[in-house]
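Single-structure report; data block below.
Proteins come first, then strands; the chains are lettered A, B, ... in the order of their sequence lines, and each starts at number 1.
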Amino acid sequence: MNSSNLLDTLNNPQREAVTAPLEHILVLAGAGSGKTRCLTHRIVWLLEMDKTHSYNILAVTFTNKAAIEMRSRIDTLLQKPAKGLWAGTFHGIAHRLLRFHWQDANLPQAFQILDSDDQRRTLKRLLKASRFDEKMFSPKKVQNFINSSKDEGLRAKDIIADEGDGWLTSMLEIYHAYEEICLRTGVVDFAELLLLCYELLRDHPPLLEHYQQRFQYIHVDEFQDTNTIQYKWLCLLAGTQGKLFVVFDDDQSVYAWRGARVENIQQIQTDFSDTRLVRLEQNYRSTGTILAAANALIAHNKGRLGKKLWTQDKAGAPVALYSAYTEVDEAKFVAEKIQAWQGKRREVAILYRTTAQSRQFEEALLQNSMSYRIYGGLRFYERLEIKDILAYLRLLIHRDNDGAFERIVNTPRRNIGNKTIDTLRDIVRSQGGSLWQAARTVLDEKQLKARAANSLMAFLRLIEQMAAQIKDLPLHEKVEQVKIATGLIIHYQKERKEEVERRLENLEELVNAARQFEQFKRDEPNLLMAFLDHAALEAGERQGNSNEDCVQLMTLHAAKGLEFDNVFLCGLEEGLFPHQNSLDEPQLEEERRLCYVGITRARKHLYLCHSKSRYRYGRRDSCTPSRFIGEIPPKFIRAVRL
DNA sequence: TCACTGTAATTTTTT
DNA sequence: ATTACAGTGA
């Protein structure tokens, strides 16, 4: 494709962004304005115009899905693979760098990734072994504290507690202890991937220089969602020569609660002098009325960069408003409206604020025998049986992974009870090392009763035997072997009937996944390790109960980035949406942005629903309509009934 | 090691 | 209402 063809499909502002001179470009891209198109065309333009080589390009996203989409669209435009171009998530890229430079990063070569669930378990164990008040220092709260500290780029030693601030002092003590555990057992959590990678580059000038030389053109998707450490990482990598091209929408920032900082948009304009802001305000998705409603709603937020989406499309149908009596009534209305809809079922989405709301809709759809798909729930690699097998594999390549050890030492039952493990924990506490090493010590020094010693010995042997056994097998046979040799299959068969089948199917699926991975990564030197990283970093698609053409149910957060002909925005009530815990600024503005995201998902028809009463926490509460409904001018809305 | 019981919490979740 | 979890007793 030559450059004129490339630019033909773009509107003026898009073309301006794509062909902008080589300074730092900030693209304010409204919902449905073609931001991915803009990003991919920019990259392809750089290549086609010989501005640079694909080797010098970095493209960063938040989700694996977006990264894959981006690469595939670039390859399509180029009509060949963009060799040497790095496209990935922040975490994926940080991880890649840490694998390359594990020595400089002070990591064991076999370091493994701790997903959120593993992290929580680790903290839970840590807390149980210490004396902190369980209320104030629940695993969840501690996890939050640690992760948000790391998101801010702060280690335990960087935070100073005021004299008399007992809470913070304790928190820091826990943070410290957690850091030690991670170091000792060779695991790295998600936030740590970013922080560690940042420090790696910051503290190794030759390395930094190398990557600054390499990644001269850095592209960032969903920039409004970057947190402090991601921003600092980008600045470091860009240095003085690198050129940033970032795409964002401040009105779609809905992850502040996870550390995202919209302020980074202003920050970047002060940190870099030669920036140019381009606005993409033409919307190619929704009708005029839907856009007008969205614009009116979001105008209630203060401190926006400000933009007005417009469309060439006709006004279309008014926004429909349904006032239900109960949540059952609401669901019934939605189901019947969908039944009457002539188009594809997959073009209908039911969006809600909280996952708990999905049940009513499921029941109503079921009653009308309509198939549906719920986004959410467990992902493939998060399932219990999968995580068990993976824990064995983790232990097999890294015996010091205490988390993996604890998870499976007595799964399936092999009479290694709490007492035995406590003995091991004591040794770790007094002598350091890992549980595995402690197990060795205990057996050598005969510190256990015969029965317990035999059980533990059998376990160690099992692991060693498996390690020898699978050493030279192809990946999928390794998985297969672990499945069989551990006795996990028999273990799961003891559960309820339907469970058994599902679990066994999933285990079979894991072997398949391993086989596919093998095919896909032919040149990978350590396939098993890469497979485990893949499992942690890309936990797989969220469970969908159907692939057919069916109604889509999801939370508003999950809907970001998607679009549908028909959108039902449900549960628009004070206390639910905006949520109880977010009724004052600045959280209220984030709720409003969430509502904006919901509205702008719709192409043709938008339904807003609220109920006069709702069953919550075992009570029936009466509800008032959400303020967000009132913030849309009545002229765009028409009340409907069945 | 299990089954029972009381208690508390119950927003969103890219990696 | 539902679930998750710690504590208790057999």
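Nucleic acid contact for A/Lys124: sugar-phosphate only, since backbone atoms but no base atoms lie under 4.0 Å from a heavy atom of the residue. Using a 4.0 Å heavy-atom cutoff across all strands shown, A/Phe90 reaches no nucleic acid atom at all. Looking at heavy-atom distances under 4.0 Å, A/Thr61 makes no contact with the nucleic acid at all. Within 4.0 Å (heavy atoms only), A/Arg616 reaches no atom of the nucleic acid at all. Among the atoms of the strands shown, base atoms are found under 4.0 Å from some heavy atom of A/Asp225.
When distances are taken from the side chain of A/Arg359 to each of C/dT2, B/dT11, B/dT15, the shortest belongs to C/dT2. Considering only side-chain atoms of A/Arg379, the nucleotide from B/dT12, B/dT1, B/dT15 that sits closest is B/dT15. The side chain of A/Asn64 has B/dT15 as its nearest neighbour among B/dT15, B/dT13, B/dT1. Distance from the side chain of A/His91 is smallest to B/dT15 among C/dA1, B/dT12, B/dT15. Checked against B/dT1, B/dT15, C/dT2, the side chain of A/Phe190 finds its nearest nucleotide in B/dT15. Among the nucleotides B/dT11, B/dT15, B/dT12, the one closest to the side chain of A/His557 is B/dT12. Side-chain proximity of A/Arg413 to the nucleotides B/dT15, B/dC2, B/dT11 is greatest for B/dC2.
Between B/dT15 and A/Tyr381, no contact under 4.0 Å exists linking OP1 or OP2 to a side-chain N or O. Contact annotation: A/Thr354 does not reach the phosphate of B/dT10 (side-chain N/O to OP1 or OP2, under 4.0 Å).
B/dT13 atom C1' lies 13 Å from atom CG of A/Leu378, rounded to whole Å. At whole-Å resolution of the value, CG in A/Asn147 and P in B/dT13 are 17 Å apart. Between the CZ atom of A/Arg120 and the P atom of B/dT15 there is a distance of 18 Å, given to the nearest Å. The CD atom of A/Glu222 sits 14 Å away from the C1' atom of B/dT15 (whole-angstrom rounding). The CZ atom of A/Arg614 sits 15 Å away from the P atom of B/dT11 (whole-angstrom rounding). When the P atom of B/dA9 is taken as reference, atom NZ of A/Lys141 falls 8 Å away, rounded to whole Å. Residue A/Arg619 contributes atom CZ, which lies 14 Å from atom C1' of B/dT10 at whole-angstrom precision.
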Name every donor-acceptor pair, under 3.5 Å, that has one atom in a side chain of residues 66-73 of chain A and the other anywhere in the protein, sequence neighbours excluded.
from    : atom 1 : to      : atom 2 : distance (Å)
A/Glu69 : OE2    : A/Arg73 : NH1    : 3.0
A/Arg71 : NH2    : A/Leu85 : O      : 2.4

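In this structure, A/Ser116 and A/Arg353 both approach DNA chain B, and ranking their closest nucleotides by distance from the 5' end singles out A/Arg353. With DNA chain B read from its 5' end, the first of the two nearest nucleotides for A/Gly92 and A/Thr355 is the one closest to A/Thr355.
Contacts between residues 579-593 of chain A and DNA chain B, defined by a heavy-atom separation under 4.0 Å, are made by A/His579, A/Asn581, A/Ser582.
Remark: ring of A/Trp257 stacked against base of B/dT12; centroid gap under 5.5 Å, plane tilt under 30°.
Checked for salt-bridge contact, A/Arg121 and A/Glu406 miss the test: no charged N lies under 4.0 Å from a carboxylate O. A salt bridge is defined here as a Lys NZ or Arg NE, NH1 or NH2 lying under 4.0 Å from an Asp or Glu carboxylate O, and A/Glu382 with A/Arg379 meets this definition. Checked for salt-bridge contact, A/Glu327 and A/Arg614 miss the test: no charged N lies under 4.0 Å from a carboxylate O. Contact check on A/Asp189 versus A/Arg120 returns no salt bridge, with no Lys/Arg side-chain nitrogen under 4.0 Å from an Asp/Glu carboxylate oxygen.
In this structure, A/Arg383 is not positioned above the aromatic face of A/Tyr381 in the sense of NZ or CZ being under 6.0 Å from the six-membered ring centre and within 45° of the axis. Within the cation-pi definition used here (under 6.0 Å to the ring centroid, within 45° of the axis), A/Arg99 qualifies as a partner of A/Phe111.
A side-chain donor-acceptor contact under 3.5 Å links A/Tyr372 and A/Glu362.
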